[in-house]
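What follows is a short report on a single structure.
Keep in mind the model is a prediction, meaning the values are calculated, not measured. The first residue in the sequence is number 1, and the count goes up from there.
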Amino acid sequence: MLIGEIIQKLNNGATYEDIASSMKIREDILKNDLKKFGFHYENKEKKLVFTGYESEYENTLRVCYPDIKGLSI
């Protein structure tokens with residue numbers, strides 16, 4: 001699953017728990033890895049937003065999450 005797909009699902013109401021279990025990883029690992037990629041939850045907007053460099057945004061969305069093998073390990 002691409003990072004962009006994960007972010008889209010979360011912003012459309014899916015839970016970290018649902019996505020993590022479908023990928024057979026722990027919820028806390030998914031949250032930590034998304035933070036390391038530059039995403040954080042914006043309470044005001046009620047969604048995950050990218051806080052990295054704008055030039056990296058599109059490439060980050062195209063990263064295949066299973067390929068990184070869990071950055072938090």
Kindly compute the distance separating [atom1] ([X]) from [atom2] ([Y]), expressed to the nearest 0.5 Å.
| X | Y | atom1 | atom2 | result |
| --- | --- | --- | --- | --- |
| Met1 | Ile7 | CE | CD1 | 11.0 Å |
| Leu2 | Arg62 | CG | CZ | 9.5 Å |
| Glu42 | Leu48 | CD | CG | 10.0 Å |
| Ile6 | Phe37 | CD1 | CZ | 9.0 Å |
| Lys9 | Thr15 | NZ | OG1 | 11.5 Å |
| Leu30 | Lys35 | CG | NZ | 11.0 Å |

Problem - Single-linkage hydrophobic cluster Tyr41~Val49, side-chain heavy atoms < 4.5 angstrom - result: no
Problem - Heavy-atom side-chain proximity of Phe50 to Leu61 below 4.5 angstrom - result: no
Practice task
Flag the pair Phe39 / Ile3 as yes when at least one side-chain heavy-atom distance between them is below 4.5 Å, and no otherwise.
Solution key: yes
Problem - Pairs satisfying side-chain hydrogen bond (donor to acceptor under 3.5 Å, both in side chains), at least one member in residues 44-57, at least two apart - result: none
Problem - Neighbour count above 12 (heavy atom, 6.0 Å) for Glu27 CD - result: yes
Problem - side chain to side chain donor-acceptor pair (under 3.5 Å) involving Ser21 - partner list, sequence neighbours excluded - result: none
Exercise for the section: Determine yes or no for a side-chain-to-main-chain donor-acceptor pair under 3.5 angstrom, with Asn32 supplying the side chain and Asp28 the backbone. Expected result: yes
